[in-house]
Amino acid sequence: MKKELPKAYEPQKYEDKIYKTWEESGFFNPDNLDVDDQAESYTIVLPPPNVTGTLHMGHAAMLAVEDILIRYNRMQGKRALWVPGTDHAAIATQTKVEKIIKEEGETRHTLGRDKFLKRVRAFAQESHDTIVNQVKKMGSSCDWSREAYTLDETRHQAVNSVFKLMYDDGLIYRGKRIVNWCPRCHSTLADDEVEYREEDAKLYWIKYGPFVLATARPETKLGDTAVAVHPKDKRYKDMVGKEYDIPGVLGEFRVKVVADRAVDMEFGSGAIKVTPAHSFVDNEIAERNGVGMRQIIDEDGKMMENCGKYQGMTTTEARKEIVKDMKKMGLIDHIEDDYKHNIAVCYRCDTPIEPLPSLQWFIDVNKPLRGRKQKTENRKQKIDWEGKSIKDVCLEVIKEGKIKIVPKRFEKSYFHWMENLRDWCISRQIWYGHQVPVWYRAGNREQGTGNNRDKEIYVGVEPPEDKTNFVFLHGFYRTREVKDPLNWLNQKLARKDNFWEILPKSEKPKLKEQMNYVIENAKINEDTIIVTHSLGGILAMKMIEEHDLKIKKLVLLSSPIIPKTKSKELIGYNKGNQIDFEKIKKNVKEIVVFQPYEDHVLPLEENEKLAKFLDAKLIKVEDSASHFNEDENQEILEELKNNIWTQDEDTLDTWFSSGMWTFSTLASSPDQIKIEDGKLVIDSEDFKNFHPTQVLETGYDILFFWVARMIIMTTYATGDIPFEDVYLHGLVLDNKGKKMSKSKGNVIDPLTMCEKYGTDATRLSLVIGSTPGHDLRLNEEKIAGYRNFANKLWNIFRYAIKNYELKIKNEKIDINKLSLVDAWIIKRIDDAINEVSNSLDNYKFSQAGEWLREFTWNELADWYLEAIKFKKSQETEKVLNYVLINLLKLWHPFIPFVTEVLWNNINSEKQLIISEWPKVEKSAEDKKQIIEQSNSFNLIKDIITNIRNARVVNKVEPGKKVKALVIAGKKKELIEPQADIIKGLRTGIEELEVVKSGTKPDKAIFISVGEIEIYLIGAVDEEKEKKRLKDLIERLRQLIKMTESKLSDKNFVERAPEPIVEKERGRLKEFKEEVKSLEKQLKSF
RNA sequence: GGGCGCAUAGCUCAGUUGGCUAGAGCGCUUCGUUUACACCGAAGAUGUCCGGGGUUCGAGUCCCUGUGCGCCCACCA
């Protein structure tokens, strides 16, 4: 009893089950593949989706293409590895969470760093889980055992290591430079994170000393330090080099006139004011001409204290006021109202960017490297860095073809981008991300004092060793209105191992008891800093005195003087407990006293005295309503921080970490990433086996953001390329060519489509009809179309399984026993094998898919399966097996689910996912024979098609059976055996006579195929047939005319290649013969 | 301002180094329940390959130029 498949393919029933069996088989992991030791590896890293939400069609397209490549190469016996992962997408993720908490009335600052980051992590985790499920739903065969995250421990190790190496190589530096500053995000932005928006503005023509010049931002006048003109501008020739006092709203200021080519003589009056602190162009002009800068706008986008009465205003407010004041002073010449210009905005929050000088970390892209140590073993493309900069190397790897970009035209924009690259600002003032691996602390005491001390800097993979520990001692009297500064400091310092906070045991403890408690519990040594509040100070000093403790530092927050006693005694506690100040001074290296308020029950002079006695630094903090408000605590915090290593609070640009994605993902734990002898070592089998990767497949929109950054980071860190090829897919747009977006309501959701039409159909719709670098317009009908196709494939197998014995193994086919149609279909599937392999090797996915569709539907289903219903050969079953097995294999990379389900129906041994990719293995002789027979079947096909056509044109009723006479000449032997097929395939012929030669019947429908003449008897409609013949003749005559004129052209005959001319001659002959027989036939009416 | 891409059937798009009587899918028209499939089958219609020059025996394909659309980069002080 043969099994029977359901009538229609229902993807929902199978997909999840199939994916599970794949996962359980372990074959997504190349280590489990049954390949020989010599097998090549084939690696793709998944461009990690941002953990900001869900997948869209662009992701789906990406996954489809990458899965095709991976499955194809896996079937070819390679160690195929597809590494999945997600990206923390620093700014994007943080912004998203900020929006969420905004609805709860919170900001990241009200929550605080720790709580906020907790929220971000929770959000990222949830987002991650959704994304992973979606990736799986798409059928992606990634190795989940190697999943990575750009912010996990291993990647963190890579980030810190590379940062350190680059710092040591002098490629990373910290500098105060003009940056793109977003006042809302409170962070820098990379150049390409800035977008431009056209806005209506005003152009102010202002009187500027001897000049009149045009500006859109009169408020920046407060920061002007120069006026620039073009060197060739005759108008201002004599003024260049001179200095002028310019009247302004805050009085006169002096500017120098400089000549610079960056000035456009055509714009305005040809003279421009130069504000070096708040404009990139101005900054460059200033630098070239040795002019200083004056910053007037702060990080909140507000005017700074050097702006007089405008201080604290936003730039917009200040502009209004300043213009008003300038008008009063007669400094405005005139104002143009209809001025349009582009303003720079933040790509995340659309807030206008304020360029301003800021202390940031940069990667120098122009610095030539010398004597750089590099790992040389295991490298495929050895890159020689000697004397080259990042820019040089990144241009070189593309120019020399070490990395190929598909399509090639993107190389041009890559070059342009790379050539014009400025130093890359890598620090961000956001919280979610890799913190800059740099630590600071105050230098030696001798080098300076207070906050002005020189900072020591430490750059490293791990935090620097820091023996310092803190012991916090509370005052005994803590009232409700007194805030708890120690607890606050504790939290802010956030140090794990070497931190102690000693709390009073009870409200009224005995001093001895307290001291014993502290000595027992706190580890006090020479590196200890004791911080006390109020009466805790007595405790501390008494302890130091009695136990002869030697410590690093004692910090007294507010003097431990008992207010109630108002004693003249300097320090008194429980009467008679005087403190030996000399001993304290001897045992404590540094003592600091904070006096937090002036107007308090505690007299200020007592603190001063105390400080004096202790030879301590006294720091006064401003008067305040309560004890130690947060601002004052900041000052104390700084003082404490100066003693220990504290990490740079900035985080790194997310692309800094994702730039390492190809190699950082090939380590499985932090200890596999090391710096040895000034080189980065990735000590993992995976790195040896799978790097560089073969192809990086991603959207062209992140060529610069990501692909270029990967080339920068990888060539530097490994001395090798990250990937051999870059395949750039287009964007997925809606039906009208618009970007899909929720607000437009034109989103086609991949998961919904998978549910509705099946994942296979969704994948095909994204692959077929799509070419690299070109956007793809998608509509639901297209997906439905491929659903239909999957069903067609299903039914091909349904039919075949029902009627034939399908086995998994290719059985030897006896070429001599084939029918014509057998040979024909073998030829076609062999062509498909070659064509699909070739297309896939060259990233022509669409072409491969179209070929297969054409073969499956229009050749296999429409012809072969129909033909063998009427005529089987001894070999038909074997041939069908051969065709179907290979067909499933060829289709599998594209539509993995339905093919695997069908495969399981005819085979239980081995999964399709690891079956061997088909190859055509036939002798030249066999091939020749097959081609011959296949050509013969093409003739039969022609005959059938022509008969069908003639019937329809003659309006022969479909059901009407006719007789046919075939005058076949030499082809009689060929055609006669095919009579069953000709009759069977919807030609409506019930009787077919084939003769070598004979008299043609009158009044029949005439069909000429080459030298073969076919007459359909008993159905002719004279008028229609005459018209059909005439039309045919007319068309042929035109062709003859064209061909003749071609052939009579001497130039053509002489210059065109021989085979082309020969072909034309052959065609002409055929046309003429056909016309002749058609005319003969026409005359018979 | 600099660069790139696109313009081919009603729609979405293929068209490799020039050899083309210019193709596919969808849609459309006519017909068809032949037991794999109506998510099907048969047949059919539809094109100044954006305009204008040029190179060539030959141009949808190469060059120049114009028009329209889209994108990227730079940025207007």
Side-chain angles (χ1 to χ4, degrees), chain A residues 4-5 7-9 191-192 196 203 213-217 220 228 262-264 266-268 271-275 279-282 285 339-342 344 407 409-410 412-413 416-417 420 700-701 703-704 731 733 735 737 757 761 768-771 773-779 781-782 784-803 839 842 844 846-847 850 853-854 858 861-862 865-866 869 945 948-953 955 957-959 984-987 1035-1036 1038-1039 1042-1043 1046 1049-1057 1059-1061 1063-1064 1067 1071:
Chain A
E4 201 168 327
L5 295 178
K7 203 167 164 182
Y9 172 57
D191 289 343
D192 37 26
Y196 293 88
L203 189 63
L213 46 79
T215 178
R217 297 196 63 182
T220 61
V263 179
D264 179 4
E266 308 295 315
F267 187 87
I272 63 165
K273 58 192 227 38
V274 178
T275 322
S279 154
F280 283 90
V281 176
D282 291 7
I285 293 174
Y339 179 65
K340 277 193 196 330
H341 75 153
N342 279 336
R409 64 188 150 85
F410 281 97
K412 218 172 182 173
S413 40
H416 183 260
W417 184 86
N420 292 295
Y700 66 78
D701 53 329
L703 177 61
F704 308 134
L731 309 177
L733 305 174
N735 220 359
Y757 302 107
I768 297 185
S770 148
T771 41
H774 278 130
D775 297 346
L776 174 75
R777 291 185 190 197
L778 187 67
N779 56 61
E781 289 72 44
K782 187 174 177 188
Y786 289 110
R787 184 267 323 262
N788 295 354
F789 173 76
N791 191 57
K792 184 74 185 182
L793 186 68
W794 179 264
N795 273 287
I796 286 171
F797 278 82
R798 182 162 117 98
Y799 173 75
I801 287 169
K802 201 167 156 190
N803 294 287
S839 296
N842 292 293
K844 293 182 177 176
S846 178
Q847 195 172 300
E850 277 175 75
R853 187 194 186 280
E854 167 79 14
N858 301 350
D862 290 350
L865 291 188
E866 292 304 317
K869 282 178 186 169
T945 310
R948 285 169 177 171
N949 170 287
R951 281 181 65 111
V952 171
V953 175
K955 297 250 188 279
E957 276 172 43
L985 293 193
R986 281 154 233 210
T987 49
R1035 179 130 187 257
L1036 279 165
Q1038 271 177 16
L1039 284 172
M1042 278 172 58
T1043 319
K1046 228 183 206 180
D1049 184 344
K1050 257 188 211 161
N1051 283 325
F1052 174 71
V1053 182
E1054 279 165 20
R1055 298 191 198 187
I1060 301 283
V1061 179
K1063 198 172 135 199
E1064 290 300 317
R1067 273 155 45 100
F1071 294 153

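Naming convention: chains lettered A, B, ... in sequence-line order (proteins, then strands); numbering from 1 in each chain.
- As judged by a 4.0 angstrom heavy-atom cut-off over every strand, A:Glu866 is placed among the base-contacting residues.
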Dot-bracket for RNA chain B, 5' to 3', Watson-Crick and G-U pairs with both distances under 3.5 Å, [ ] for crossing pairs, | for partner on another strand, reads (((((((..((((.....[...)))).(((((.......))))).....(((((..]....))))))))))))....
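- Heavy atoms of A:Pro1059 sit nowhere under 4.0 angstrom from any nucleic acid atom.
- Contacts of A:Ala861 with the nucleic acid, taken as non-hydrogen atoms under 4.0 Å apart, include base atoms.
- Using a 4.0 Å heavy-atom criterion, one finds that A:Ser413 contacts no nucleic acid atom at all.
- In this structure, A:Trp417 atom CH2 and B:C73 atom P are separated by 11 Å, rounded to whole Å.
- At the phosphate of B:C11, neither OP1 nor OP2 sits under 4.0 Å from any side-chain N or O atom of A:Asn735.
- Donor-acceptor pairing under 3.5 Å is recorded for the side chains of A:Lys273 and A:Thr220.
- The nearest whole Å value for the distance from the NZ atom in A:Lys1063 to the C1' atom in B:U21 is 10 Å.
- Along RNA chain B, the nucleotide closest to A:Asn1051 and the one closest to A:Lys273 are compared, and the more 5′ of them pairs with A:Asn1051.
- With sequence neighbours left out, A:Tyr339 forms a ring-ring contact (aromatic ring centres under 6.0 Å, His included) with A:His341.
- Side-chain atoms of A:Leu703 and A:Trp417, non-hydrogen and from C-beta on, never get closer than 4.5 Å to each other.
- In terms of position along RNA chain B, the nucleotide closest to A:Ile1060 lies nearer the 5' end than the nucleotide closest to the other residue of the pair A:Ala262 and A:Ile1060.
- Counting non-hydrogen atoms under 4.0 angstrom, A:Thr771 reaches the backbone sugars and phosphates but no base.
- You'll find that the side chain of A:Lys844 is closest to B:U16, out of B:C73, B:C4, B:U16.
- The NZ atom of A:Lys412 sits 14 Å away from the C1' atom of B:C73 (whole-angstrom rounding).
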Pull out every protein N or O sitting under 3.5 Å from an N or O of nucleotides 26-35 of chain B, one pair per line with the distance.
none

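- Residue A:Asp862 is in sugar-phosphate contact alone, with no base atom involved, counting any heavy-atom pair closer than 4.0 Å across all strands shown.
- Out of B:G19, B:A36, B:U21, the shortest distance to the side chain of A:Leu1039 is found at B:U21.
- Considering only side-chain atoms of A:Asn788, the nucleotide from B:C39, B:U16, B:C4 that sits closest is B:C39.
- Using a 3.5 Å distance cut-off with no hydrogens or angles, the side chains of A:His416 and A:Ser413 do not pair a donor with an acceptor.
- B:G27 and B:U46 have their C1' atoms separated by 12 Å, with the value rounded to a whole Å.
- Among B:U21, B:A77, B:A14, the nucleotide with an atom closest to any side-chain atom of A:His774 is B:A14.
- Of the candidate nucleotides B:C40, B:C39, B:U21, B:U21 has the atom nearest to the side chain of A:Lys1046.
- In the set B:C72, B:A77, B:C40, B:A77 carries the atom at the smallest distance from any side-chain atom of A:Thr215.
- Ranking B:A36, B:C39, B:A77 by closeness to the A:Asn791 side chain, first place goes to B:C39.
- Between the P atom of B:C40 and the CD1 atom of A:Ile796 lies a distance of 12 Å, rounded to the nearest Å.
- Checking B:C39, B:U21, B:A42 against the side-chain heavy atoms of A:Ala8 singles out B:C39 as nearest.
- With rounding to whole Å, A:Leu733 atom CG is found 14 Å from B:C13 atom C1'.
- Residue side chain A:Lys7 does not reach the base of B:C37 through any donor-acceptor N/O pair under 3.5 Å, judged by distance alone.
- Atom-to-atom, CZ of A:Phe789 to C1' of B:C37 comes out at 13 Å; the value is rounded to the nearest Å.
- Spacing between B:G1 and B:C76 at atom P, rounded to whole Å, works out to 16 Å.
- Comparing atom distances between the A:Tyr339 side chain and each of B:G19, B:A43, B:A77 picks out B:A77 as nearest.
- At the heavy-atom level, A:Arg409 lies under 4.0 Å from the strands shown only through sugar-phosphate atoms.
- Of the P atoms belonging to B:C6 and B:C63, the separation is 11 Å, rounded to the nearest Å.
- Across all strands shown, A:Tyr757 has no heavy atoms under 4.0 Å from either base or sugar-phosphate atoms.
- Nucleotides B:C13 and B:G19, compared at atom P, are 24 Å apart to the nearest Å.
- Between the CD1 atom of A:Ile272 and the P atom of B:C75 there is a distance of 14 Å, rounded to whole Å.
- Taking the C1' atom of each, B:G58 and B:C20 are spaced 11 Å apart, rounded to whole Å.
- Remark: A:Lys792 is not positioned above the aromatic ring of A:Tyr9, lacking an NZ or CZ atom under 6.0 angstrom from the ring centre and at most 45 degrees off the axis.
- Using a 4.0 Å heavy-atom cutoff across all strands shown, A:Ala216 reaches sugar-phosphate atoms only and no base atom.
- Dashed line: the shortest gap from a side-chain N or O of A:Arg777 to OP1 or OP2 of B:U12 is under 4.0 Å.
- Taking atom P in both B:C49 and B:A9, one finds a spacing of 9 Å when rounded to whole Å.
- For the pair A:Asp264 CG and B:G1 P, the interatomic distance rounds to 12 Å; values are reported in whole Å.
- The side chain of A:Val263 has B:A77 as its nearest neighbour among B:A36, B:A77, B:U21.
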